[in-house]
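All figures in this text were calculated on a predicted structure; none of them were measured in a lab. Numbers here simply count residues along the sequence, with the first being 1.
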Amino acid sequence: MWAVLRRDLRVSLRQRQDLLNPLLFFVMVVSLFPLGVSPEVSFLQQAGAGILWVAALLSTLLSLDHMFRHDFDDGTLEQLVLQPQPLYLLVLAKTVAHWLVTGLPLVLVAPMLGVMVHLDGNSIAILCLTLLIGTPVLSFIGSIGAALTLGLRSGGVLLSLLIIPLYIPVLIFGTGTVNAAVGGAPVGAYLALLGAFLVLAMTLAPFASAAALRISLSNS
């Protein structure tokens with residue numbers, strides 16, 4: 001598991017375009033949104049959490065197609081499936097590596113973008129906490145769709161159609177947590193639900209992804 005994690009991190013650092021594209025997309029979407037809708041401070045404070053979360057969701061979705069694609073093309077994925085180690089652990093390692101190179105940079109950049117949409121310090125802290133809990137959920141859920149659409153020519157479009165409905169609960173509770181913090185309401189329940197989503201996704205999603213990988217490889 002650790003060997004797969006280290007390998008995926010090294011490969012991602014070598015392919016810097018795959019590393020930078022989601023981050024640049026995230027920054028551009030948040031930066032252009034006030035220009036296209038409204039630059040008013042009151043509007044940005046109210047909609048800022050939703051803007052950042054939607055941008056993070058789309059940035060994660062942008063990178064999902066590459067989670068297993070490169071290993072599938074060069075035959076590495078077939079060797080991983082044939083390993084005596086549980087495929088659950090190998091998929092878990094690949095998903096964690098995907099989050100470290102795509103989701104974690106979004107969390108690190110979020111404070112700067114939170115200032116851009118005029119969120120206060122407490123709201124920015126809650127926003128970063130929700131992204132830290134929620135973006136791994138996006139990666140784990142997305143790994144299922146990436147495994148199911150592996151080898152398809154139009155896999156990116158089908159991946160979006162499969163995964164976006166499953167992202168909606170995370171989006172609702174992520175933005176709801178920040179909006180509650182802005183309004184001075186307690187956010188403990190929201191964070192507990194996001195934590196429950198993360199535990200469920202980390203526990204169940206690798207099993208579904210492993211089964212989907214076996215199906216995709218058997219049909220290729």
Side-chain angles (χ1 to χ4, degrees), residues 8-9 11-67 69-70 95 97-121 123-143 145-146 149 154-179 181-182 194:
D8 279 14
L9 291 176
V11 170
S12 298
L13 292 176
R14 292 171 184 170
Q15 299 172 346
R16 296 184 180 179
Q17 68 278 5
D18 294 340
L19 181 64
L20 293 177
N21 285 343
L23 183 61
L24 293 176
F25 181 83
F26 179 60
V27 174
M28 286 190 298
V29 169
V30 178
S31 302
L32 294 176
F33 200 92
L35 300 177
V37 182
S38 174
E40 295 182 2
V41 174
S42 59
F43 170 78
L44 292 177
Q45 287 178 338
Q46 182 178 3
I51 296 171
L52 286 163
W53 255 101
V54 169
L57 186 153
L58 295 176
S59 299
T60 303
L61 191 65
L62 185 67
S63 63
L64 286 177
D65 189 53
H66 302 293
M67 185 181 295
R69 180 73 60 183
H70 297 305
T95 308
H98 174 269
W99 176 77
L100 288 175
V101 299
T102 59
L104 185 58
L106 304 184
V107 180
L108 299 178
V109 174
M112 178 187 69
L113 300 178
V115 174
M116 186 182 300
V117 296
H118 302 284
L119 295 177
D120 57 36
S123 299
I124 292 175
I126 296 298
L127 171 67
C128 294
L129 184 57
T130 59
L131 289 174
L132 186 62
I133 300 173
T135 48
V137 181
L138 301 181
S139 294
F140 279 108
I141 296 176
S143 68
T149 59
S154 58
V157 177
L158 183 58
L159 175 62
S160 301
L161 295 176
L162 288 174
I163 296 303
I164 287 180
L166 301 177
Y167 280 172
I168 291 177
V170 183
L171 176 64
I172 291 174
F173 285 103
T175 56
T177 305
V178 183
N179 290 332
V182 172
L194 284 175

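One finds the CG atom of L44 at 8.0 Å from the OG atom of S42 (value rounded to the nearest 0.5 Å). W99 CH2 to S139 OG: the interatomic distance, rounded to the nearest 0.5 Å, is 8.5 Å. Expressed to the nearest 0.5 Å, how far CD1 of I163 lies from OG1 of T149 amounts to 8.0 Å. Note that CE of M67 is 10.0 Å distant from OG of S12, once rounded to the nearest 0.5 Å. Between the OG1 atom in T177 and the CG atom in L131 there is a gap of 10.0 Å [rounded to 0.5 Å]. To the nearest 0.5 Å, atom CG of residue L104 and atom NE2 of residue H98 are 12.5 Å apart.
Closest approach of A55 to V29, counting heavy atoms only: CB-CG1, 3.8 Å. Of all non-hydrogen atoms in L64 and A146, the two that sit nearest each other are O-CB, 3.5 Å. The shortest non-hydrogen separation linking P22 to S59 is O-OG, 3.3 Å. Of all heavy-atom pairs spanning D8 and A97, the tightest one is CB-CB, 3.6 Å. Contact detail for T130 and V178: the closest heavy-atom pair is OG1-CG2, 4.0 Å. Of all non-hydrogen atoms in P34 and S31, the two that sit nearest each other are CD-O, 3.4 Å.
Partner of V101 under the side-chain contact (heavy atoms from CB on, under 4.5 Å) criterion, chosen from L20, L23, L9, L13: L9. Considering I51, L52, V54, V117 in turn, I51 is the only one that fulfils the side-chain contact (heavy atoms from CB on, under 4.5 Å) rule with F33.
Listed by chain and residue number, nothing satisfies the side-chain hydrogen bond (donor to acceptor under 3.5 Å, both in side chains) test with T95 (two or more places apart in sequence, or in another chain). Taking P39 as the reference, nothing meets the side-chain contact (heavy atoms from CB on, under 4.5 Å) condition, with sequence neighbours excluded. When the side-chain contact (heavy atoms from CB on, under 4.5 Å) test is applied to L129, the partners found at least two apart in sequence or on another chain are I133, L191. For D120, the side-chain contact (heavy atoms from CB on, under 4.5 Å) criterion is met by N122, S123, not counting sequence neighbours. Take F25 and apply the ring-ring contact (aromatic ring centres under 6.0 Å, His included) test, not counting sequence neighbours, and it matches no residue. Evaluation of the side-chain contact (heavy atoms from CB on, under 4.5 Å) rule for T175 yields W53, L171, N179 as partners, not counting sequence neighbours.
Residues I164 and L61 have side chains in contact (heavy-atom distance under 4.5 Å, counting atoms from C-beta outward). Between L113 and F26, the closest side-chain pair of non-hydrogen atoms falls below 4.5 Å.
Residue Q46 places its CD atom among 12 or fewer non-hydrogen atoms of other residues, nucleotides or ligands, all under 6.0 Å distant.
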